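Quantities reported herein were computed from a predicted structural model and do not represent experimental measurements. Indexing begins at 1, ligand by ligand and atom by atom, following the structure's order. All values below were derived from every heavy atom in this structure, side-chain atoms included, with hydrogens, water molecules and symmetry-related copies excluded.
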Amino acid sequence: MCGIIGYCGLSQAAPVLVKGLRRLEYRGYDSYGIAVSNRDIAVSKRQGKVSEGERDARSIRGKIGIGHTRWATHGVPNDRNAHPHTDCRGDIAIVHNGIIENYAALKRDLLERGHTFRSDTDSEVISHLIEEHYTGDLMKAVEDALPLLEGSYAILAIARGEKRIVAARQSSPLVIGMGDQEVFAASDMTPILEYTERAVFLEDGDIASLDPRGVVIRNSGRVVVRPTELIDWSFDDVKKGGFRHYMEKEIYEQPEVFSNTLRTLKREEVPKWLRKVKRISIVSCGTSFHSGLLFKYLLEEICRIPARLEFASEFKYFPPPLSELVVGITQSGETADTIAAIKVAKSYNCPTLAVTNVLGSSITRIADHTFYTQAGPEISVAATKSFIAQLAVLMHIVDELSGGTLTESLERANRAIEETLLLDMERAVACCQDAAHIFFVGRGPLYPVALEGALKMKEISYIHAEGYAAGEIKHGPFALLSEETPVIALCTPGPTYNVMISNIREMKARGTPMIILGEDGDWDLEEIADVFISLPSHDLVTRILAATVALQLLAYHTAEALGRDIDKPRNLAKSVTVE
Ligand code: AGP
């Protein structure tokens, strides 16, 4: 969702801001803008892609500036509603991520007091409130204005004649990059990585003054010190490196991501209390929900630990009776629903555990303990390597809690992912690319994989795809089967193998084109299948991983054949920071 970038230093700000906005594009946006302070504050903003108006924006001169990519929530996407927003005189400019819940009442009062609004956004109230409190000290004005706001925000503000940026955070991420005589601020590290690896993560309630000499942070009226952390992601990690899309690059990084994550985890102690848990609740969204479903399956099947899985968005409003460990799984660490669910768990005094990919992200500041996935920055909106890395963490936990049942399989897993990446998807793509609907079916641990395969397919190819537990297909969806509706069936050895074959035959009898993912040498399946994809798997762990990667490839190549905007699918944001 919205992205923020700020620069204050010895170089021209506009080129740094524009480049930063390009790096933030992956979060999803519909309009963008920058404001640069020189003698006056110059603003350039518009609806559309950064590349379309980049030249105008770059030409603005000045060494202090703020920029924003907007994902519309209040007010349609257009030039006027794009950020930055200014006060009545154009002396103060702000960019804002989050939602100001009481903006309507604030706006009504500000209008009554004579302020002129130029947009339909909730954010514009912030620049006018700062204006009302401004007496030549931007930091003080922001400190005085913020208590009036209800909701979530990451804000950057500049004022004419002041050689600094003021930043503030409440429930919306904001990181400061510490350079050499220059300082950056952003929603995440991706636009900062090429300048510095030193980062300071602001906490809720922090208000910071940033200038080339350094940063002063205040919280509740007092100066506070936040640690400077070294971020070991490199700038190369956020480049495409010869691949056509970030998604393709990220799919091919998975063998390394899986083994790096496991290697890092092996150096960490599993907390003692985790070994004693009797029940676990899991909260997450989207792809992270699917890794949660696999975790539930493995915990119950292998560790015999009862586990409950909830959509984070439901859990917040309808929390079940709780006393157990609550695990929040989130790639970004910023998904508003997952953060809210973990806060609810804490309000019940439940121990909490985060599984996330982003150092210093919001969830790591709330949860009692964090396990990090080592996926590196994931730029493509569609989650791939972060899912595989989540599985590495979750399978590692299961392995630890079950006395090493998965150790050998986990060691072989890397190889299986590598071999899966060599699979040829051409015939399967040909079968899918003209379909209006596709079903993905699996059973047991391959049911979450089917759900994830369907999610990948729909989000990047725009083909309507549904994941089903194969046994459920007969309870309604059967009515939709036809020669035009391919079914992707995951069928590997295990307790449901025979019943799965029966399901496949029943579907086949309706004329449905069957793409079957099974194991090498399964002649029966090959005979039934219209397209057979042979997975290089031999146990539970490698079946889950190989099937996942194969379905990622199928979605990717189908979307590519259809000419879709693979890394930035329409209407989607990488990180959903509003509920
Ligand atoms: C997956 O491809 C999607 N981009 C989406 O479902 C994502 O997994 C979901 O929004 C959760 O994000 P998180 O892991 O950062 O919390």
### Message
If you measure every N or O of Val576 against every N or O of ligand 1, does any of those distances drop under 3.5 Å?
### Response
no
### Query
Numbering the atoms of ligand 1 from 1, which are under 4.0 Å from a heavy atom of Thr335?
12 (O), 13 (P), 15 (O), 16 (O)
### Summary
The protein heavy atom nearest to atom 3 (C) of ligand 1 is Glu459 OE1, 3.7 Å
### Task
State whether the shortest distance between N or O atoms of Gln390 and N or O atoms of ligand 1 falls below 3.5 angstrom.
no
### Nearest neighbour of atom 11 (C) of ligand 1 from the list Cys285, Gly286, Ser291, on a heavy-atom basis
Cys285
### Query
Salt-bridged, Lys385 to Glu256, with N to O below 4.0 Å?
no
### Task
Apply the test side-chain contact (heavy atoms from CB on, under 4.5 Å) to residues Lys49 and Glu52: give CA-CA distance (whole Å), side-chain angles for both, the deciding distance (0.1 Å), then the verdict.
CA-CA 5 Å; Lys49 299 271 183 212; Glu52 291 160 11; 3.6 Å; yes
#### Entry: Val381: numbered ligand 1 atoms lying under 4.0 Å from its heavy atoms
2 (O), 4 (N)
## Note on the structure
The closest protein heavy-atom partner of atom 15 (O) of ligand 1 is Ser332 OG, 2.7 Å
### Summary
A student checking ligand 1 against Thr287 at a 4.0 Å heavy-atom cut-off should list atoms 1 (C), 2 (O), 6 (O), 8 (O)
### Spatial distance of atom CZ (Phe311) from atom OG1 (Thr338) [nearest 0.5 Å]
11.5 Å
### Task
Test Ser362 against Glu334 for side chain to side chain donor-acceptor pair (under 3.5 Å), laying out the working first.
CA-CA 6 Å; Ser362 298; Glu334 303 294 350; 2.5 Å; yes
### Value rounded to 0.5 Å, distance of CZ in Phe184 from CD1 in Ile176
12.5 Å
### Query
If you measure only the distance, is there a donor-acceptor pair under 3.5 Å linking the side chains of Thr287 and Gln331?
no
#### Entry: Electrostatic pair Arg226:Asp206 at N-O distance under 4.0 angstrom
yes
### Arg70 NZ/CZ over Tyr32 ring centroid, <6.0 Å and within 45° of normal
no
### Query
By number and element, which atoms of ligand 1 are closer than 4.0 Å to a non-hydrogen atom of Ser288?
8 (O), 13 (P), 14 (O)
#### Entry: Val200 side chain reached by Met178 side chain, heavy atoms, under 4.5 Å
yes
### Task
With heavy atoms only and a cut-off of under 4.0 Å, state how Glu334 meets ligand 1: side chain, backbone, both or neither.
neither
### Query
Does an N or O from Lys456, backbone or side chain, lie closer than 3.5 Å to an N or O of ligand 1?
yes
### Message
So for ligand 1, is Ala383 a polar contact partner (N or O within less than 3.5 Å, distance only)?
### Response
yes
### Query
Taking both backbone and side-chain atoms of Thr330, is any N or O found less than 3.5 Å from an N or O belonging to ligand 1?
yes
### Task
Pull out every atom of ligand 1 sitting under 4.0 Å from any heavy atom of Ala382, numbered as shown with elements.
2 (O)
